[in-house]
Protein chains: 2
Amino acid sequence: MVTLKQLAKELNVSISTVSKALNNSDEIGEETVKRVKELANLYNYRPNKMALSLKQNKTKTIGVIIPNILSRFLAKVLFGIEREANKHGYNIITCISNESLDKEKESLQLLGSGSVDGFILSVAQESQVNNEIDHFKRTISNGLPIVMFDRVAHDVMCDKVIVDDFDATYNATKSLIREKRKNIGFISNINDISVGKLRERGYNKAILEEGKQEPIVLKIKKKDDPQKKIKSFFKKNKGIDAIVGADSSSGIIALNMAVDLGLNVPKDISVIAFASKSDSNHTFPKLTTIRQHAKSIGTNAAELLIHRIENAAANERMKTKIVKTSLVKNKSTL
Amino acid sequence: MVTLKQLAKELNVSISTVSKALNNSDEIGEETVKRVKELANLYNYRPNKMALSLKQNKTKTIGVIIPNILSRFLAKVLFGIEREANKHGYNIITCISNESLDKEKESLQLLGSGSVDGFILSVAQESQVNNEIDHFKRTISNGLPIVMFDRVAHDVMCDKVIVDDFDATYNATKSLIREKRKNIGFISNINDISVGKLRERGYNKAILEEGKQEPIVLKIKKKDDPQKKIKSFFKKNKGIDAIVGADSSSGIIALNMAVDLGLNVPKDISVIAFASKSDSNHTFPKLTTIRQHAKSIGTNAAELLIHRIENAAANERMKTKIVKTSLVKNKSTL
DNA sequence: ATGAAAGCGCTAACAC
DNA sequence: GTGTTAGCGCTTTCAT
């Protein structure tokens with residue numbers, strides 16, 4: 001990679017002349033600017049990013065810490081973040097916490113020492129369970145803004161982007177009640193994290209409000225075989241005529257299991273679940289889904305963070321954006 | 001963030017003393033080392049990464065350019081890369097080319113000017129279709145090593161990690177022939193990229209070698225509705241008794257469609273497809289899959305790159321690693 | 001045992 | 001209009 005120094009030498013001018021010429025400073029003569037630019041072009045000169053960062057004390061880089069890249073939802077959010085960041089001239093450094101508090105701390109620590117201008121993250125399960133938030137606070141007090149999305153730590157003062165999890169399952173359940181469903185079950189593979197609990201509460205509220213049945217809830221744990229669990233859930237609750245799935249896996253397996261058990265979906269039983277478009281394209285009948293608009297969550301998070309970074313002085317009040325889910329009716333409901 | 005300068009001032013020693021003390025240089029007196037380390041600890045001092053990078057002319061960062069983060073396969077590879085990179089003290093900057101040549105070029109350009117020590121990438125579709133490779137060559141000649149995986153450009157001299165695509169479908173088809181299947185079809189949603197073509201050729205070879213049927217191939221294009229296409233494919237080819245899917249989407253939809261059309265899987269028809277474990281857990285019966293060991297591909301790519309970076313002087317011959325697929329028999333085959 | 005100084009590549013305030 | 005200089009934070013060689 002060619003440097004200013006080398007260009008300067010070859011052109012017999014000073015380094016600062018070259019720098020100014022390339023930055024279109026009007027201090028420099030037309031003729032010189034032309035000569036400089038030509039040579040720079042020839043050698044395909046690009047200013048060294050590290051030098052710029054060091055000098056200007058900003059990296060134009062965002063640290064993204066996600067608990068799990070294999071989740072379609074999180075991958076999509078990442079996609080949204082990347083696109084929005086790029087639009088504003090930022091790159092992203094991605095770390096995967098793997099739900100581990102230590103890895104989360106470490107990433108914050110490592111990237112926090114000069115590699116990034118701020119963070120976008122979704123809290124690791126372990127951190128959530130233990131309610132660990134000191135590492136976030138430390139990062140923020142070091143001058144690096146954080147935007148949390150989806151799984152947030154309420155006690156940390158920072159910008160947040162969340163989903164209306166409670167309303168989503170509340171409304172989905174209501175919609176099943178409107179279909180005259182009398183035995184609506186709830187299946188969750190994510191009951192240990194905050195959003196999973198919110199989703200269950202939304203379902204519970206709708207059921208209790210109606211007052212015609214008790215909640216019927218299946219919580220699948222990490223070590224369980226989901227197919228077996230769901231099968232025995234169906235066996236035990238014969239009369240069940242609708243399912244709300246807290247996550248795509250629960251929903252997809254429930255739908256397929258129902259079909260496999262000889263039930264007609266949606267005549268005998270309706271299924272709704274948090275899932276993506278491609279998930280619903282992969283089931284027969286197509287799964288009715290609660291869409292989270294993951295990309296938009298990413299976009300919003302990136303916007304918030306970049307705004308915060310570039311207006312650090314302004315010291316604006318922290319914002320929480322709610323990205324509303326939408327219920328997309330497909331063929332697995334009436 | 002506290003700097004050496006500030007520590008030095010507070011301790012009334014010089015910057016270089018602090019630096020040496022923290023780096024355990026034996027030039028510095030025991031007592032001083034202790035004092036320095038204590039204060040550094042107190043202030044939670046971390047050396048600034050940008051300064052280090054600039055000084056040592058290495059960033060300990062890897063640029064990863066993938067065509068699409070929403071592909072489970074690519075997300076998994078990314079996971080493998082990240083883990084292996086971290087193990088060696090590297091971070092990763094992720095760019096998503098979105099299958100676009102321009103974005104690929106731009107990412108190479110942007111990150112190539114000092115942000116990373118090398119690249120791991122899978123070639124964008126557009127670049128592959130147009131056989132554009134100059135940008136790769138330019139990057140390499142700038143001293144930045146590249147490791148390509150999965151979709152590689154054969155004419156670029158660099159380390160590569162590939163899958164035995166041809167053998168995978170060849171063997172899968174053979175295995176269906178051994179099941180006495182007489183009308184084996186092939187469905188692909190990825191026929192425009194290199195690996196898609198290899199997979200088709202593997203299927204073709206097995207069919208032609210056997211000589212008992214003609215290849216029956218369905219190529220789905222981006223604008224098509226895959227469900228409709230596959231449905232009419234089944235209608236047109238009534239006697240079909242086995243499917244090889246070049247990608248998970250084709251396989252999953254084919255399996256579900258067969259069930260929906262009243263066929264018994266695997267009694268009437270077998271289905272094999274490139275897919276992940278979670279994909280096969282989401283179908284009934286569980287899909288027999290060709291596993292690509294995506295994580296291992298990522299690990300291998302990261303290993304190759306880091307080795308290349310850290311032994312740049314050695315100028316070793318370029319390697320191509322083949323990560324073999326495995327055929328995991330589940331319930332969608334006999 | 002400690003410190004001064006140079007230099008990584010760049011920008012910008014300040015000479016001339 | 002062009003050049004000199006300082007400085008971002010750090011390591012390291014070379015004095016002292």
Exercise. With the sugar-phosphate defined as primed atoms, P, OP1 and OP2, and the base as all remaining atoms, what B/S/- string results for nucleotides 11-16 of chain D, 5' to 3', for protein heavy atoms under 4.0 Å?
Worked result: BBBB--
Can you tell me how far [atom2] of [N] sits from [atom1] of [X], to the nearest Å?
| X | N | atom1 | atom2 | value |
| --- | --- | --- | --- | --- |
| A/Ile28 | C/dC16 | CD1 | C1' | 14 Å |
| A/Lys58 | D/dG9 | NZ | P | 15 Å |
| A/Asn24 | C/dT11 | CG | P | 12 Å |
| A/Leu22 | C/dG9 | CG | P | 16 Å |
| B/Lys9 | C/dT2 | NZ | P | 21 Å |
| B/Arg35 | C/dT2 | CZ | C1' | 12 Å |
| A/Leu54 | D/dG7 | CG | P | 14 Å |
| B/Leu11 | C/dT2 | CG | C1' | 13 Å |

Is any side-chain N of the basic residue among [X] and [Y] closer than 4.0 Å to the acidic one's carboxylate O?
| X | Y | result |
| --- | --- | --- |
| A/Arg151 | A/Glu99 | yes |
| A/Lys76 | A/Glu82 | no |
| B/Glu126 | B/Lys105 | no |

Where is the tightest heavy-atom contact between [X] and [Y], given as atom of each residue plus distance?
| X | Y | result |
| --- | --- | --- |
| B/Ile93 | B/Thr61 | CG1-CG2, 3.6 Å |
| B/Val156 | B/Lys160 | O-NZ, 2.9 Å |
| A/Pro145 | A/Arg308 | CB-CG, 3.5 Å |

Exercise. Just to confirm, is there a sub-4.0 Å distance from OP1 or OP2 of C/dC10 to any side-chain nitrogen or oxygen of A/Lys49?
Worked result: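 The answer is no; no side-chain N or O of A/Lys49 sits under 4.0 Å from OP1 or OP2.
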Exercise. Looking only at side-chain N and O atoms, does B/Thr17 come under 4.0 Å of OP1 or OP2 in C/dG3?
Worked result: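 Yes, because at least one side-chain N or O of B/Thr17 sits under 4.0 Å from OP1 or OP2 of C/dG3.
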Exercise. Checking all strands, does B/Thr32 fall into the base, sugar-phosphate, or nothing category for heavy-atom contacts under 4.0 angstrom?
Worked result: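 Counting heavy atoms under 4.0 Å across all strands, the contact made by B/Thr32 is with sugar-phosphate only.
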For this session: Describe the nucleic acid contact of B/Asn57 in one word from base, sugar-phosphate, nothing, applying a heavy-atom distance below 4.0 Å.
Result: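 Contact class for B/Asn57: none.
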Problem set entry | Per B/Val13 side chain, nearest of listed nucleotides D/dT2, C/dG3, D/dC8 |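 Nearest listed nucleotide: C/dG3.
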Exercise. D/dC10, D/dC8, C/dT2: which one has an atom nearest the side-chain heavy atoms of B/Thr3?
Worked result: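 Among D/dC10, D/dC8, C/dT2, the one nearest the side chain of B/Thr3 is D/dC10.
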Problem set entry | Upstream residue (5' side of DNA chain C) when B/Glu30 and B/Ala51 are each assigned their closest nucleotide |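 Checking each residue's closest nucleotide, the 5'-ward one belongs to B/Glu30.
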Exercise. Only one of B/Asn68, B/Ile65, B/Ile69, B/Leu70 clears side-chain contact (heavy atoms from CB on, under 4.5 Å) with B/Ile96; which?
Worked result: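 Output: one option passes, namely B/Ile69.
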